[in-house]
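Structure first, commentary second.
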Amino acid sequence: MKTKKIIIASLAIVIALSCSRTKKEDMEQKESFDYVLEQFADLRILRYQVPDFDELNVKQKQLLYYLGQAALCGRDILWDQNGKYNLAIRKTLENIYETYSGNRTTAEFEKFLVYLKRVWFSNGIYHHYSTDKILPDFSRDYFTELTSNSDNKGFPQLQKHSVLETLDILIPVIFDKDVLGKKVNQDPDKDLVAASAVNFYQNVNEKEVTSYYETMKDPDDTTPVSYGLNTRIVKDNGALKEITWKSGGLYGEAIDQIIFWLEKATSVADSPEQLAGIEKLIEYYRTGNLTTWDEYNTIWVSDTSFVDFVNGFVETYSDPLGMKATWESVINFKDLEATKRTKIISSNAQWFENNSPIRDRFKKKEVKGVSAKVIIVSMLGGDCYPHTPIGINLPNADWIRKEHGSKSVTIQNITDAYNEANLGSGFLEEFCYDSVEIELSKKYGLLSGNLHTDLHECLGHGSGQLLEGVRSEDLKNYQSPLEEARADLFALYYIMDPKMIELGLLPNEDAAKAAYINYIRNGIMTQLNRIKPGNEIQQAHMRNRQLIAKWCYENGKDENVIEKIVKDDKTYYRINDFQKLRGLFGELLAEVQRIKSEGDYEAGKELVENFAVKVDADLHKEVLARFEKLHIAPYSGFVNPEYELVEKDGEITDVKIHYVDDFAGQMLKYGKEYSFLPVVN
Ligand code: ZN
């Protein structure tokens, strides 16, 4: 099973007032804090607050500072992984941005700026979500005009090439849709390796890679390492060879910087377990040994320190074969107040499992290893920056999850920022059917959205069991959307349960209604904002949401559970009967669980193909037009705060936090201060 990383659903999930933090000074601070910095193309730049940072002790602050520096040092690794020429292109574009002496007020120059910002946002030339190449809106001629009027000395040079030759190599990579055209190609009719531009493979094809790893795997090994996780594969004299990402190996210059800051962190570690963990991680970065990586994860998963972090080659979404991981980092500390919420949930895990509407033989006899917390992030890096998840569940290795459990987190200050940014955007007024819906969403949307994430992450994915001999891979390409549907349905079914109020997790049933309203509206309608006209739904989380919303709409038609209403040429989906809808969620959960437990590929395929993939063209057009009018971009990302060490007589006495408001400024700063790799690796 892969990591259950929750990405932001869409505006709907997080629209409402914050209920989690009511302290007066926080409220006052929030009022004067601008969450939305700018918007361009399909992207919006936000910033997040780090509440309570000032109240931490100096040792905790120092630890966050050192880990934060380590989080920034791996940035170039991700850029290079995302495409062979990304670093050279970034340095070329930044040199133009800083030294172009021509007219900077023209519409053409504005188009150049938008292109540069899009590349910054995606950590390379491929869209962060669709993985298609981002094509500039300006011509090659204009690009030549830009390069010839910029400081020639500032341009990068590829090995054995002059500046001019380098530009000649980069131009088709930037402008030609067919040259290294897509980062991750999942078309089953193609050679997935050869057709993907991601920089994990050089001069090899899918068949060669697959058989290379097949011979390595031992089917009787119950604790296998994550083969190929931290290497690039190349051909050397006709034979395949792995080059490891480690100190002294590929990306060694950046990894040494990461190690430098991790070593500093050992001096202020939160606990003996954390110290052991950081030392193990350093050992792994020095050796590249995947057994050491597993040992590190085993320590990490049981480490409950107040300050915590992710740093490493973790997620495999960008590898068409799902083995090689991109580099990422998230630095955080516990939101103690909100963590009470997840503690209540996980300590009742067995009750939820026992009362689930699925068949008894698919239930887990004993639920274990659910560790959940709510966190505040202080720094995002690599593949979590600027676009970031709102929930994370790690580690990824199946056997570690089974034997040692997993850690599940909900990121409070990121959902807070999304929520604050969307208030006043006009979204609710546009898509809610009436003022009752608006009020419910405003009052309870954030609270119930966060609870949904908690239930999804810390119970949903872990619930249920496979029948003997069934493997989750049996569902093949339908595995991810069905797995996400299972976790969402679990959350939806229980959020309306009286147990929520009894446990003090929700104040009343209205809060659960807000969750249902937001979910259905998003799943059937507003998430279409992310799809280009004429396209179908590809992304697993989006497929899952439409599957659930559409299935419930269709199957509740006889009793008018969800009603489609057109008012003033605008479409709304209104829930008439919340209890019946809960019943439908339970029914679908039972069926999806059966499909998973029995490995029923055909039934899974039918569900996904019938409800999750196709887009209603007229509704899609309408939704896009309504969003267009509101001017809300479908994707968001964040700038980080900056931190400054305060020293007195050689001692660190404090760490100050500064909130920046300049996206380009942060990108240029990172490009200068945290760039450690040659332009082509
Ligand atoms: Zn999930």
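One-based numbering, in listed order, for ligands and for the atoms of each. Everything quoted here is computed from the prediction, not taken from an experiment.
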Can K443 and D510 be counted as an ion pair, charged N to O under 4.0 angstrom?
no
What angle sits at the Zn ion (ligand 1) between NE2 of H461 and OE1 of E484, to 10°?
110°
Parallel under 30°, tilted from 30 to 60°, perpendicular over 60°: which one fits the rings of H387 and Y635?
perpendicular
N/O/S atom of H456 inside 2.8 Å of the Zn ion (ligand 1), strictly under
yes
Is NZ or CZ of K476 both nearer than 6.0 Å to the six-membered ring centre of Y601 and within 45° of the ring axis?
yes
Under 2.8 Å from the Zn ion (ligand 1), can any N, O or S atom of E457 be found?
no
So does E536 pair up with K614, basic N to acidic O under 4.0 Å?
no
